[in-house]
Amino acid sequence: MEEEDDCPELVPIDSQPGPPARQIPVTIITGYLGAGKTTLLNYILTEQHNKRIAVILNEFGEGSALEKSLAVSQAGELYEEWLELRNGCLCCSVKDNGLKAIENLMEKKGKFDYILLETTGLADPGAVASMFWVDAELGSDVYLDGIVTVIDAKYGLQQLKEEKAEGLVNEASRQVALADLTIINKTDLVEEEELDQVRDTVRSINGLVKILETQRSRVDLCDVLDLHSFDCQDGAKLTEKLQLAKPTRPHLDKSILTATFEVTGDLCEDALNTFIQDLLWEKKFCNKAGEPMSVIRLKGIVSFAGKAHQVMLQGVHELYELNETPQLWEENPHTNRLVFIGKNLDKNILQEIFISTVVMDGVKK
Ligand SMILES: Nc1nc2c(ncn2[C@@H]2O[C@H](COP(=O)(O)OP(=O)(O)OP(=O)(O)O)[C@@H](O)[C@H]2O)c(=O)[nH]1
Ligand SMILES: [Zn+2]
């Protein structure tokens with residue numbers, strides 16, 4: 001049906017009682033300039049046939065236009081929504097308008113099954129991700145499923161090692177730190193040895209992330225979609241994953257790395273909140289060189305005194321969440337497992353603070 005879209009349509013609220021509306025997964029596709037993000041999106045769109053996938057291409061950031069369009073293609077057709085960018089910043093725009101645009105589009109065009117969002121090569125996916133995360137909690141139609149980072153096999157290494165001014169993390173490393181899945185693309189352009197180096201560097205940053213290697217971003221769709229990286233329904237799966245997480249050693253001085261530890265015992269919930277806030281927000285903890293630890297991604301399974309269920313800890317950017325999982329504790333004593341990805345992390349110092357301030361019967365009380 002062709003009609004004028006100028007006038008906002010009033011859509012009646014469905015007042016029928018019934019099960020809550022199904023939330024639609026959003027996968028954020030990030031990666032440095034030219035790594036193969038759009039190639040991946042196009043591949044997914046042509047490959048799959050039984051999902052209605054909406055693709056949001058963000059060509060934000062370039063130019064100073066106050067209005068940018070949000071192109072959504074679905075089943076080969078392209079739809080556009082106009083976004084007003086108040087300050088030209090993707091994060092703020094997504095927060096203010098992006099989700100609304102998606103919801104408007106769904107009202108007009110019907111529900112999608114899946115949303116893929118490509119960020120620009122220089123975007124900080126953490127900011128974008130946390131918007132979707134927060135909104136999902138506020139009863140939005142969508143939820144964050146995972147963050148996929150595409151890496152250029154040929155130039156990725158150089159991008160990951162690019163030095164930034166003091167205190168800044170380079171964008172490529174941040175994108176890897178945040179990823180639930182990384183795709184090392186353009187393997188046709190490198191020798192095995194070069195590929196090994198890229199893989200090792202990715203692993204040195206993020207000890208949790210799954211790594212795929214591709215040409216033309218050709219992936220198995222089930223490896224990319226429905227990762228459920230932020231759900232608390234899957235506590236058992238996360239525990240398994242955390243157990244496999246490897247602490248990493250930075251390839252470069254000052255680069256991002258993964259720190260992980262296990263501590264047995266029950267935790268004090270208030271103390272854990274204080275610990276996380278001191279770490280994420282106040283940046284109170286420093287490494288041996290006196291540099292403040294800075295966490296980009298955080299995951300854990302923890303035990304609170306008096307709670308039979310395992311509690312999942314998730315953190316992205318400056319947000320974090322503690323959610324009870326359906327999983328009951330079986331072993332005794334309970335093992336808290338924590339994984340931190342970030343800069344200037346010192347595992348021993350973190351663990352010591354954790355034990356002495358968060359564990360109920362901390363050995364160092
Ligand atoms: N040789 C080779 N080229 C590839 C491969 N995958 C993608 N390309 C090419 O790399 C270029 C960049 O790919 P895009 O998919 O546009 O990359 P992008 O990450 O979306 O780029 P931006 O949106 O500009 O940041 C295109 O010319 C692709 O055809 C690959 O596996 N091998
Ligand atoms: Zn692109």
Side-chain angles (χ1 to χ4, degrees), residues 26-48 53-65 68-74 76 78 80 83 85 88-91 93-94 98 114-129 146-162 164 169-199 201-202 205-206 209-221 223-225:
V26 179
T27 291
I28 294 177
I29 301 195
T30 180
Y32 213 70
L33 301 168
K37 301 179 290 295
T38 304
T39 307
L40 174 65
L41 287 174
N42 288 335
Y43 177 73
I44 293 174
L45 286 180
T46 53
E47 190 60 12
Q48 69 83 34
I53 299 184
V55 169
I56 303 170
L57 301 168
N58 279 308
E59 301 302 337
F60 299 94
E62 292 127 47
S64 59
K68 292 272 181 185
S69 73
L70 176 84
V72 176
S73 91
Q74 185 208 327
L78 204 72
E80 269 185 294
L83 297 183
L85 296 191
C89 159
L90 173 64
C91 335
S93 309
V94 165
Y114 213 102
I115 296 171
L116 299 173
L117 186 148
E118 176 186 344
T119 70
T120 56
L122 295 175
D124 172 4
V128 182
I147 302 172
V148 175
T149 299
V150 186
I151 300 158
D152 189 315
K154 182 140 183 81
Y155 296 109
L157 204 56
Q158 189 183 318
Q159 291 155 358
L160 289 169
K161 292 187 168 176
E162 192 196 337
K164 288 270 146 178
V169 167
N170 89 49
E171 290 87 0
S173 301
R174 183 183 290 276
Q175 291 168 352
V176 169
L178 281 161
D180 299 295
L181 168 72
T182 54
I183 297 174
I184 302 178
N185 184 43
K186 308 194 187 182
T187 56
D188 55 303
L189 299 181
V190 293
E191 300 296 328
E192 190 56 38
E193 203 179 313
E194 239 177 312
L195 187 58
D196 288 345
Q197 281 187 331
V198 181
R199 198 187 303 114
T201 306
V202 169
I205 294 170
N206 190 329
V209 77
K210 180 170 177 182
I211 302 175
L212 297 177
E213 287 156 24
T214 60
Q215 293 185 10
R216 303 256 149 225
S217 305
R218 275 187 222 111
V219 287
D220 206 334
L221 293 190
D223 286 332
V224 177
L225 306 182

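Numbering starts at 1 and runs along the sequence shown. Any value given below was found using the heavy atoms of this structure, including those in side chains, with hydrogens, waters and symmetry copies removed. Atoms within each ligand, like the ligands themselves, are counted from 1 in listed order.
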| field | Under 3.5 Å side-chain donor-acceptor pair for Thr149 and Thr182 | value | no
| message | Can a donor-acceptor pair be found, under 3.5 Å and without considering hydrogens, that links the side chain of Lys37 to the backbone of Glu118? | response | no
| Non-hydrogen atom of Gly36 closer than 4.0 Å to ligand 1 | yes
| query | What about Ser217: any of its N or O atoms under 3.5 Å from an N or O on ligand 1? | reply | no
| query | Would one find an N or O of Leu189, backbone or side chain, under 3.5 Å from an N or O of ligand 1? | reply | no
| field | Presence of salt bridge, Lys186 and Glu213, under 4.0 angstrom | value | no
| query | Would you say ligand 1 has an N or O under 3.5 Å from any N or O of Glu118? | reply | yes
| query | Do side-chain atoms of Asn185 reach the backbone of Arg216 as a donor and acceptor pair under 3.5 angstrom? | reply | yes
| If you measure from each heavy atom of Val150 to ligand 1, is any distance below 4.0 Å? | no
| request: Please identify which atoms of ligand 1 are closer than 4.0 Å to at least one heavy atom of Gln215. | output: 31 (O)
| query | Numbering the atoms of ligand 1 from 1, which are under 4.0 Å from a heavy atom of Asp188? | reply | 1 (N), 2 (C), 30 (C), 31 (O), 32 (N)
| query | Based purely on interatomic distance, does Ala35 place a nitrogen or oxygen under 3.5 Å from a nitrogen or oxygen of ligand 1? | reply | yes
| message | Quick check: Arg216 and ligand 1, any N/O pair under 3.5 Å apart? | response | yes
| query | Can any side-chain N or O of Asn170 pair as donor or acceptor with the backbone N or O of Glu162 at less than 3.5 Å? | reply | yes
| side chain to side chain contact (heavy atoms under 4.5 Å, CB included) between Leu40 and Ile183: does it pass, once the steps are laid out? | CA-CA 10 Å; Leu40 174 65; Ile183 297 174; 3.9 Å; yes
| query | Hey, are Asp223 and Lys210 close enough for a salt bridge, meaning a charged N less than 4.0 Å from a carboxylate O? | reply | yes
